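The structure under discussion appears below in the form of C-alpha cells.
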Amino acid sequence: MANQTTTRGTDRIKGALGKEGPLLSIYFTAGYPALEDTLPVLRRLQESGVDMIEIGLPFSDPLADGPTIQESSTAALKNGMTTARLFEQLKGVRREIHVPLILMGYFNPVLQYGVEAFCKQCAETGIDGLILPDLPLEIYQREYREILERYGLKMIFLITPQTSQARIRQIDDASDAFIYMVSSASTTGAREGFDPAQQEYFRRIAAMDLKNPRIVGFGISNAHTFGQATAHAKGAIIGSAFIRELSAHGVAAIPSFIKKIRP
Amino acid sequence: MKTYQVDENGFYGAFGGAFIPEMLYPNVEELRNCYLEIMADPGFSEEFHHLLRDYVGRPTPLYFAGRLSERFGCRIYLKREDLCHTGAHKVNNTIGQILLARRLGKKRIIAETGAGQHGVATATVCALMGLPCVVYMGEVDIARQAPNVARMKLLGAEVRPARSGSRTLKDATNEAIRDWINNPEDTHYIIGSVVGPHPYPDMVARFQAVISEEIGAQLLEKEGRDAPDYLIACVGGGSNAAGAYYHYLDREEVGIIAVEAAGKGVHTGESAATSALGRVGIIHGSKTLLMQTADGQITEPYSISAGLDYPGIGPMHAHLYASGRGEFHSITDAEAMEAGRRLAALEGIIPAIETSHAFAVLEKRPFGPQDVVVINLSGRGDKDLQTYIDYFNL
C-alpha cells in the first residue's frame with residue numbers, strides 16, 4: 001500500500017516537472033471564500049490547465065504570510081475549516097483531480113492532528129507532498145523524515161536570497177521533488193515586478209546546477225512576473241494574486257485568470 | 001548532571017528549539033552562533049554592567065518586608081525590580097540586546113509589546129543608542145494602554161498597530177516577525193520575554209539572570225546564606241521568573257514557584273493559565289505549552305493584567321512544569337487585585353498587576369516560620385493606576 005502510493009506520488013510530481021515549458025502552480029486557502037469551495041476551486045484549476053496545486057491549511061497565526069493570505073486564513077477558519085474537515089472534503093478527490101496536490105500549512109495544526117495520522121490521511125487521500133515552512137530541515141530530518149517517506153510524501157523546502165550556498169546544497173540533498181525558491185526577503189504577497197537583484201538571484205541559483213528543479217514563489221501575480229520567474233526556474237507559484245481574484249470574482253472567474261497568466 | 005538549563009540544540013527537555021521559516025534562518029543562526037561569544041566578551045560584559053548600574057539603577061535592593069512577613073508567618077524578601085529605570089525588569093534585557101545588536105552591526109530595532117512595558121524599555125534603549133525603533137502593538141492594546149503609547153512616542157519610537165488576528169500581543173509578535181522577514185539584513189528583533197526561537201529564550205534569560213545573581217549576594221549578606229528556600233515570580237512569557245530562578249534552577253533545595261494568571265477562573269474560558277490549559281504546540285518558533293483549539297489554532301487568553309495574557313509560556317517554564325521542578329499556581333483577577341492592595345497597605349509599595357499575582361500565592365500556600373521566601377517584585381503599579389481605580393472604585 002505505502003509502496004503503491006510512493007510510486008503514484010512520485011509519478012504525479014515528477015510527471016508535472018517533466019513536461020515541456022514553464023510549470024504553473026496555484027496556491028489557495030482551503031475553505032475559502034466559502035467552506036465548501038475547496039473542491040470547486042480544485043476542479044476549475046484543473047480544467048484551466050494548471051500543472052500543480054497547493055492547498056493551504058488555514059492557521060490562526062500565519063507568520064510568514066502577508067495580509068492577503070492572512071485574511072483568507074482567518075475567513076476560512078471562521079467558515080469552520082479544520083484539518084479533519086479538509087480531509088473529509090478531499091475524500092475521493094483522486095477520482096477526478098489528477099494534477100499533483102501539495103498541502104501547505106504551518107506545523108502546529110499538523111502536530112495536533114498527529115504527524116503520523118496526518119501523513120496516513122494524506123497518503124489515503126492522494127496528496128503528493130507537504131510544505132510546512134516552520135518545520136526546519138534539521139528537525140524534519142531528525143524526527144519526521146522516516147514517517148513521510150513511509151507514506152510516500154515529498155517534503156518541499158524553501159530557500160531565500162539570504163540562504164547560504166552551503167545550506168542550499170544541504171536542502172538540495174534533502175529534497176526529492178523540487179525546491180521552493182522564495183523570490184525575495186519578504187512575506188507572501190503580490191508584486192509588480194522583480195528588480196535586477198532578484199533576477200540576479202534567480203540566475204545565481206540556476207547556475208548552481210542543483211539536482212532538484214526550482215519553483216519560484218512569493219510576488220508572482222501576472223504574465224510578466226510569471227515570465228521573469230520562470231526564465232531561470234522550472235516554474236512559479238501564484239498565491240496571493242489568485243486569492244485576491246477569488247475574493248473579487250469568485251470561482252467562476254478562475255479560467256480567465258489562469259488564461260491571463262499563461263495564454 | 002541533570003540540568004534545567006538549555007541543551008546544545010536549544011531545548012529545555014522536550015521544549016524549545018527553533019521552528020522558524022527559512023526566511024528567518026540566517027538571522028536566527030547568526031544570533032545562535034554569536035550570542036554566547038559576545039556575552040562572554042569582557043568588554044561587552046563591562047559595558048552591560050556599567051549601564052545596569054548607572055542607567056538602570058542596579059543592583060536593585062533586596063528588601064526584607066517586615067509587615068508582610070509578620071502577616072504570613074515567614075521571612076519574606078522582595079527583589080525590587082520595580083525600582084529599575086522604566087519601572088520593571090524588562091530593561092535588563094533591552095540593554096543587553098541593544099548592545100548585542102550594535103556588535104552585530106544592526107541599524108534598526110523592532111520589538112513587540114502587549115501592555116507596553118517592553119515597548120517602552122526598547123524605545124528607551126533605542127533613544128540611548130540613537131537607533132530607529134519600531135514597536136508593534138495590537139490595536140486593542142493601543143486603545144487600552146494610552147500612557148505607554150505616549151511614552152514610546154516621546155522616546156522617539158514609531159508605534160505600529162497590529163491589525164491582524166485578535167489584535168493583541170500574539171499578533172503584535174507575528175507582525176514583528178513579519179517585519180524581520182522583510183528586513184533580514186539591517187534589523188535586530190528585541191524579543192521581550194523568554195519566548196521565540198532558540199537562542200532567544202536562553203539569551204533573554206541570561207540577560208535577566210542579573211536578578212538571581214544579585215539575590216544570591218544580597219541574601220548572603222542579610223541571612224548568611226546564598227539561596228532562599230522559595231522563589232516566587234509571576235509568569236506570562238516568563239522573563240522576570242527566568243531571571244529570578246536562573247542561578248537556582250539546578251539547586252533543587254530551592255523551591256521554584258511560578259504564578260500564572262487564571263483570569264476570571266481557570267475553566268471559565270477567560271484565563272491565561274497556560275500550564276493548566278495548554279498542550280504541547282508551536283508558537284512564535286518555539287515548542288512549548290500553548291493554549292489552542294483541538295485543531296491546533298492558537299486561542300486568545302484573558303487576564304486583567306495585559307502583561308500576562310500570552311497564550312504560551314517560555315520553554316524553560318514548560319519544562320519546569322512538565323518535570324515537576326516548578327510548583328505552578330493560577331491566580332484569578334480578584335485574588336491578584338486584593339494581593340496588590342494588601343502590599344500597598346502593608347509595605348507602601350503599589351505593584352504592577354502582573355506582580356500582584358505572585359503575591360497572591362501567600363494566601364494560597366503556607367510557609368514555615370523559618371522559611372526564607374523571595375518574591376520577585378517585577379514591576380511597579382503606576383501604569384495600572386486606572387485599573388486599580390476602576391476595580392476598587394477609588
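Bear in mind the structure is a predicted one, so any value in this text is a computation, not a measurement.
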Inter-residue atom distance [X].[atom1] - [Y].[atom2], 0.5 Å rounding:
X	Y	atom1	atom2	result
B:I283	A:D134	CD1	CG	11.5 Å
A:N108	B:I298	CG	CD1	6.0 Å
A:T187	B:I181	OG1	CD1	6.5 Å
B:Q292	A:L111	CD	CG	8.0 Å

Pair A:R167 + B:E22: basic N to acidic O under 4.0 Å: yes
Where does [X] contact chain A at under 4.5 Å (heavy atoms): side chain, backbone, both or neither?
X	value
B:R163	neither
B:L290	side chain
B:F19	both
B:E175	side chain

Apply the side chain to side chain donor-acceptor pair (under 3.5 Å) test between A:D61 and each candidate in B:K170, B:Q297, B:H284; give the one that qualifies. B:K170
Out of A:V182, A:L77, A:L132, A:V110, return the one with the most heavy atom pairs under 4.5 angstrom to chain B. A:L77
Report which part of [X] has an atom under 4.5 Å of a heavy atom belonging to chain B: side chain, backbone, both, or neither.
X	answer
A:Q162	both
A:Y140	neither
A:S186	both
A:I139	side chain
A:E71	neither
A:L137	neither
A:F107	side chain
A:I159	backbone
A:P58	backbone

For a quick test of reading the model, state the closest non-hydrogen atom pair linking A:P109 to B:G296 and the distance between them. CG-O, 4.0 Å
Minimum-distance pair of heavy atoms, taken over all atoms of A:L158 and B:M23: CD2-SD, 4.0 Å
Within the structure provided, determine whether A:T163 and B:P26 are in side-chain contact (heavy-atom separation under 4.5 Å). no
Among side-chain atoms of A:Q112 and B:D295, is any donor-acceptor pair under 3.5 angstrom? no
Would you find a donor on one side and an acceptor on the other, under 3.5 Å apart, between the side chain of B:R178 and the backbone of A:D65? yes
In sequence, state the C-alpha distance, the side-chain angles, and the governing distance for A:R142 and B:N9, and then conclude on side-chain contact (heavy atoms from CB on, under 4.5 Å). CA-CA 12 Å; A:R142 202 165 57 224; B:N9 291 319; 4.3 Å; yes
